[in-house]
There are 2 protein chains.
Amino acid sequence: MMTIFEALADPTRRRILDLLREQPRLVGELVDLLETSQPGISKHLRVLRDAGLVSVRKDGQRRWYELRPEALAEVDGWLQPYRHLWEARFDRLENLLDQLQEEEKNDGQT
Amino acid sequence: MMTIFEALADPTRRRILDLLREQPRLVGELVDLLETSQPGISKHLRVLRDAGLVSVRKDGQRRWYELRPEALAEVDGWLQPYRHLWEARFDRLENLLDQLQEEEKNDGQT
DNA sequence: CATTTATATAACAATCTGGTTATATAACTT
DNA sequence: AAGTTATATAACCAGATTGTTATATAAATG
């Protein structure tokens, strides 16, 4: 079975999630919005479902697919210990830029 | 070329990043710490390098691989518009649990 | 009831992935 | 200089992934 990370690796699946972020959608809507055959979309939806990223609700012959954003907390959790590392770097970059700007101002005054 | 999301899909590559989070490492160290052949590790490192997730520094015949955490900001950025969605859900769950606990307390008193 | 519609699954082909072994390359060591 | 060490790349293979077409299934419709 696919992990969340593998599920997110495919760009079409990420687009599906982006579309479901706005609202639940029928399979047919997603087929119209993306350029992949209906069976292709159904297969992607199954992967997303198995990974816990979406849920389905039956409505007669239709299927409403809905985002389950909680599933993304796992990715966020993995990312967590890295966050301060890149934020620290951006802070340092910002400081450097501030400093350069400061120096330039001083140059202008001499 | 592989995107960051594809690079992160492989568990061995995620472990490499986790190890580099602590400190820069030589290829040989990673080979010892993970159970994959040296060429296997080198191939993963190339993928990570192409994705911008690590950088290399030559040191004689050795190569120090170092984490480039800024690259992960892209993943964080993709995740960003989802964050409030799952946080809202967790908040609601918390409220529900509080409420249940409250009701239980009241039941005890009757 | 026959037909159409919405979706899922099967079967298949092409490509990609991740691993391995063998080999190349360049830098140390003796 | 010859041998050893660290790493990268080539060549290859098995299995996975993604896409397609054909088909199954169940619900809606005339």
Side-chain angles (χ1 to χ4, degrees), chain A residues 1-20 22-68 71 75 78, chain B residues 1-20 22-68 71 75 78:
Chain A
M1 231 265 297
M2 264 192 195
T3 69
I4 290 202
F5 285 96
E6 287 163 305
L8 294 181
D10 182 85
T12 302
R13 286 197 290 267
R14 287 199 302 281
R15 291 201 57 203
I16 290 176
L17 295 178
D18 286 341
L19 288 167
L20 295 182
E22 298 166 21
Q23 59 193 276
R25 308 222 187 224
L26 297 172
V27 179
E29 290 183 67
L30 295 169
V31 172
D32 292 344
L33 290 164
L34 306 168
E35 37 231 42
T36 304
S37 65
Q38 177 269 311
I41 295 293
S42 280
K43 273 170 64 174
H44 281 309
L45 286 169
R46 162 152 286 276
V47 171
L48 290 171
R49 195 145 59 81
D50 288 346
L53 284 160
V54 305
S55 59
V56 215
R57 193 164 45 74
K58 287 182 73 163
D59 170 20
Q61 70 187 144
R62 279 93 168 288
R63 298 288 182 278
W64 290 99
Y65 278 85
E66 186 166 4
L67 184 66
R68 289 193 60 247
V75 178
W78 181 82
Chain B
M1 230 264 298
M2 265 191 194
T3 69
I4 289 203
F5 285 96
E6 288 163 304
L8 293 181
D10 182 84
T12 302
R13 286 197 289 265
R14 288 200 302 280
R15 291 200 56 204
I16 290 176
L17 294 178
D18 287 341
L19 288 167
L20 295 183
E22 298 167 20
Q23 59 193 275
R25 307 221 189 227
L26 298 171
V27 179
E29 290 183 67
L30 295 168
V31 172
D32 292 345
L33 290 164
L34 305 168
E35 37 231 41
T36 305
S37 64
Q38 176 267 311
I41 296 292
S42 280
K43 271 170 66 171
H44 281 309
L45 287 170
R46 163 153 283 276
V47 171
L48 291 171
R49 196 144 60 81
D50 288 347
L53 285 159
V54 304
S55 59
V56 216
R57 193 164 45 75
K58 289 181 71 164
D59 170 20
Q61 71 188 142
R62 280 88 170 288
R63 299 286 183 279
W64 290 98
Y65 278 84
E66 187 166 3
L67 183 67
R68 289 193 60 247
V75 178
W78 181 83

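Just so you know, these numbers use all the heavy atoms, side chains as well, and skip hydrogens, waters and symmetry mates. Lettering follows sequence order; numbering is per chain, from 1.
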So CG of L53(B) and CZ of R13(B): to nearest 0.5 Å the spacing works out to 9.5 Å
Can you tell me how far C1' of dG19(C) sits from CD of Q38(B), to the nearest Å? 13 Å
Compare side-chain N and O positions of R46(B) against OP1 and OP2 of dA8(D) and report whether any pair is under 4.0 Å apart. no
Without decimals, in angstroms, what is the distance between L34(B) CG and dG19(C) P? 10 Å
R14(B) with D18(B): basic N within carboxylate O range, under 4.0 Å: no
Starting at the 5' end of DNA chain D, which residue's closest nucleotide do you reach first, S37(A) or P39(B)? P39(B)
Atom-pair distance (CG on D10(A); P on dT17(C)), nearest Å: 11 Å
Expressed in angstrom and rounded to an integer, what is the separation of K43(B) atom NZ from dA6(D) atom P? 22 Å
Given atom CE of M2(B) and atom C1' of dT17(C), what is their separation to the nearest angstrom? 7 Å
Y65(B) side chain N/O closer than 4.0 Å to the phosphate oxygens (OP1, OP2) of dA8(D)? yes
Return yes when atom CZ of R49(B) has more than 12 non-hydrogen atoms of other residues, nucleotides or ligands closer than 6.0 Å, and no otherwise. yes
Look at the side chain of Q61(B) and decide which nucleotide, out of dA10(C), dC28(C), dG18(C), has an atom nearest to it. dC28(C)
Mind listing the closest non-hydrogen atom pair of I4(B) and A51(B) along with its distance? CG1-O, 3.7 Å
Looking at every strand, decide which applies to G60(A) at a 4.0 Å heavy-atom threshold: base, sugar-phosphate, or nothing. sugar-phosphate
Nearest-Å distance, CG (L45(A)) to P (dA6(C))? 16 Å
Please report, rounded to the nearest Å, how far the C1' atom of dC28(C) is from the NZ atom of K58(B). 14 Å
If only side-chain N and O atoms of R62(A) are considered, is one of them under 4.0 Å from the OP1 or OP2 phosphate oxygen of dT7(C)? no
Would you say dG19(D) has OP1 or OP2 under 4.0 Å from some side-chain N or O of H44(A)? yes
Consider the side chain of R63(B), meaning its heavy atoms from C-beta on, and name the nucleotide among dT17(C), dA8(D), dT20(D) that approaches it most closely. dA8(D)
In terms of the nearest nucleotide of DNA chain D, which residue is placed more toward the 5' end: D59(A) or W64(B)? W64(B)
Gap between atom CZ of R63(A) and atom CZ of R57(A) - 0.5 Å precision: 11.5 Å
Take atom CD1 of I41(A) and atom C1' of dT9(C), then tell me their distance rounded to the nearest Å. 16 Å
When all nucleic acid strands are considered with a 4.0 Å heavy-atom cut-off, which category describes L26(B): base, sugar-phosphate, or nothing? sugar-phosphate
Which is true for G28(B) with a 4.0 Å heavy-atom rule: it touches a base, it touches only sugar-phosphate, or it touches nothing? sugar-phosphate
R49(B) near the nucleic acid: base, sugar-phosphate alone, or nothing, with a heavy-atom cut-off under 4.0 Å? nothing
